[in-house]
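Numbered from 1 within each chain, the chains take letters A, B, ... in sequence-line order. Since the structure is predicted, the reported quantities are computational estimates derived from the model, not experimental observations. Computed over heavy atoms, backbone and side chain alike; hydrogens, waters and symmetry mates excluded.
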Amino acid sequence: MAIPKVCGIETEYGIVVRGGDNNPVSASSLLINAYVNATSRKIGWDFEDETPANDARGFNLDDIFPPEIETSLVNAVLPNGARYYVDHAHPEISTPEVTTAAEAVRWDRAADEIVRASMRYAAEVLKNGAELIVYKNNSDGKGNSYGCHENYLVNRETPFGRIVSHITPHFVTRQIFCGAGKVGCEQTGRQPGDVAYQLSQRADFFEEEVGLETTLKRPIVNTRDEPHCDPQKYRRLHVIVGDANMSEVATYLKIGTTSIVLAMIEDDQFSDEFLLGSPVPAIRQVSHDPSLQRAILLRDGRRATALEIQWGLLEKARKYEQTHGLMAVGEAVGADVLSRWEQVLSGLESDPDSVADWVDWVAKRRLVDGYRQRHGLAHDAAELKAIDLQYHDMRVDRCLALRVGLDTIVEPADAQWAMTNPPTTTRAYFRGRCLDKFPNEIVAANWDSLVFDIGSDPLKRVPMMEPLRGTAEHVANLIDESATASELLDRLGAQHP
Amino acid sequence: MAERTQKQKQTPERADQVVEHAAPAVNESGEKLRAELDDLLDEIDEVLETNAEDFVKSYVQKGGQ
């Protein structure tokens with residue numbers, strides 16, 4: 001049965017220092033430290049429950065993989081419930097857990113604002129005119145990629161093989177509305193100029209259908225089995241196939257449609273009608289075809305375009321809404337997602353430029369094509385690649401995405417608020433409120449626990465194994481009425497939040 | 001697949017039921033976007049990095065996840 005689609009977004013940002021030490025690890029540390037030092041007391045991350053080498057297919061690769069995260073690097077938990085850290089030579093923000101696509105966009109926008117504030121604080125630390133610049137993209141155009149991952153809570157009872165089969169067609173085709181666009185090609189074995197422009201930043205880097213890897217031979221469906229909650233009841237589907245979006249509506253549709261498709265998989269709504277013949281070639285084929293006309297091979301021998309598969313998924317989702325409701329993704333948000341899903345497909349089908357205010361790859365392509373035509377440039381001109389990169393520049397005065405007329409969902413004041421306040425609907429509320437109110441008594445935090453030091457007693461770990469406990473409804477009064485951390489722990493008693 | 005597509009397009013009966021946010025009038029906003037694009041192309045050189053070639057060449061990242 002479909003369970004609430006608790007979800008979150010992790011973004012690895014590109015980072016550059018001009019006129020100074022361009023080591024990405026030290027630059028990322030400087031960026032994050034500048035923010036943390038300026039805004040709050042630093043709370044360390046607790047690695048007790050990290051198991052990134054567990055595979056959803058039932059085995060453990062700890063002996064093969066080195067530890068994924070270097071513990072010596074900066075790693076902070078923010079009062080909005082997010083994690084801000086250095087990962088693989090990139091600054092990364094994981095949003096707090098949320099329950100709807102609308103909330104996901106809001107805390108993703110908050111992450112953008114945290115990065116912008118970090119750049120301002122870093123500028124005060126850097127000397128001799130050096131400048132630190134952050135990019136919200138997924139590729140350097142030279143074959144190096146870094147991710148924007150999504151996470152979704154799924155029912156442990158749902159067989160993993162069923163998830164793999166039926167989420168793959170969506171992952172291969174959803175890029176027609178949530179691709180961030182890219183000038184050129186980075187697929188191994190092909191020349192950069194082989195593709196003038198493609199839908200996705202990431203598609204060139206996917207080489208397997210299913211697997212545990214995230215940095216090499218990336219799989220369309222990642223099998224990392226690290227639920228960060230009760231492993232008997234839940235999985236966390238770790239999605240590595242998406243692009244980081246500058247468009248709020250694109251993020252909203254990416255999270256919203258994927259949440260609905262996952263709920264449908266849990267409720268066993270799919271037969272074999274959308275299964276793909278060869279998902280890895282198909283994901284490149286779809287990305288490399290901005291005309292949206294080329295059909296991909298289905299397992300049963302038919303061919304269908306990405307648009308046709310998306311229309312089919314939407315039609316099934318409409319029926320699912322009628323028969324099961326959309327409680328799992330939030331009824332109101334779910335209905336709005338379906339409506340916008342239809343609008344974006346209609347727009348892409350009739351005239352992609354008509355959805356340039358929603359779809360990043362369309363907005364960026366108009367800019368690239370307009371500039372190329374005006375100046376009579378070749379398809380692989382450096383200026384066009386510069387426009388591609390600068391679309392994702394996080395500096396407000398340099399960011400091209402902020403100038404192309406993208407539609408917005410989140411009020412600026414709401415994004416500002418979410419920089420320092422957690423969502424009220426998940427355990428992130430308990431984490432964020434406690435960090436804000438009792439920063440001196442919390443010695444460590446992670447997704448599923450907080451560790452308190454209240455003086456004389458041994459350290460106390462408060463487990464949070466249920467993502468939907470510790471919400472404002474559950475614990476707001478408790479936290480409000482507790483003057484000290486010790487009082488809060490007494491009131492919690494033996495109970496988990 | 002073709003039949004499904006056809007059917008879907010003929011029955012957008014719920015397209016007007018937008019719950020939280022007003023949907024943009026796609027055609028009108030298309031006109032607006034075209035005008036905005038022209039304006040942006042007029043001023044983009046002031047925003048773009050001055051040496052595109054150097055900028056693109058020096059943008060090198062370590063691979064991540």
For the interface with chain B, which of A:Asn22, A:Leu384, A:Ile387 has the highest count of heavy-atom pairs at distances below 4.5 Å?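 Result: the option with the highest number of such pairs is A:Ile387.
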Taking every heavy-atom pair that is under 4.5 Å apart, which of A:His90, A:Gln310, A:Arg218 has the most such pairs with chain B?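 Most pairs with chain B among the choices: A:His90.
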Can you find a side-chain donor-acceptor pair between [X] and [Y] that sits under 3.5 Å?
X        : Y        : answer
A:Tyr13  : A:Asn137 : no
B:Gln65  : A:Asp87  : yes
A:Tyr85  : A:Ser94  : yes
A:Trp358 : A:Gln343 : no
A:Arg202 : A:Ser139 : no

Please classify the contact between [X] and chain B as side chain, backbone, both or neither, with a heavy-atom cut-off of under 4.5 Å.
X        : result
A:Leu345 : neither
A:Ser350 : neither
A:Glu383 : both
A:Lys385 : both
A:Ile15  : both
A:Asp397 : backbone
A:Arg374 : side chain

Checking [X] against chain A: side chain, backbone, both or neither under 4.5 Å from a heavy atom?
X       : value
B:Asp39 : neither
B:Leu40 : side chain
B:Ile44 : side chain

With sequence neighbours excluded, tell me which residues meet ring-ring contact (aromatic ring centres under 6.0 Å, His included) with A:Tyr371.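 Scan of A:Tyr371 (ring-ring contact (aromatic ring centres under 6.0 Å, His included), adjacent residues dropped) gives A:His375.
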Would you indicate whether B:Glu46, at its atom CD, is surrounded by more than 12 heavy atoms from other residues, nucleotides or ligands within a distance under 6.0 Å?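 No, the 6.0 Å shell around CD holds no more than 12 heavy atoms from other groups.
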Checking A:Trp311 against A:Glu342 for the side-chain hydrogen bond (donor to acceptor under 3.5 Å, both in side chains) test, could you report, in this order, the C-alpha distance in whole Å, the side-chain angles of both residues, the deciding distance, and whether it holds? CA-CA 8 Å; A:Trp311 277 119; A:Glu342 179 168 325; over 6 Å; no
If you count heavy-atom pairs within less than 4.5 Å of chain A, which of B:Lys62, B:Glu53, B:Glu43, B:Lys57 leads?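 Of B:Lys62, B:Glu53, B:Glu43, B:Lys57, B:Lys62 has the most heavy-atom pairs under 4.5 Å with chain A.
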Apply side-chain hydrogen bond (donor to acceptor under 3.5 Å, both in side chains) to A:Asp414 and list each qualifying residue two or more places apart in sequence or on a separate chain.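 Result, side-chain hydrogen bond (donor to acceptor under 3.5 Å, both in side chains) vs A:Asp414: none returned.
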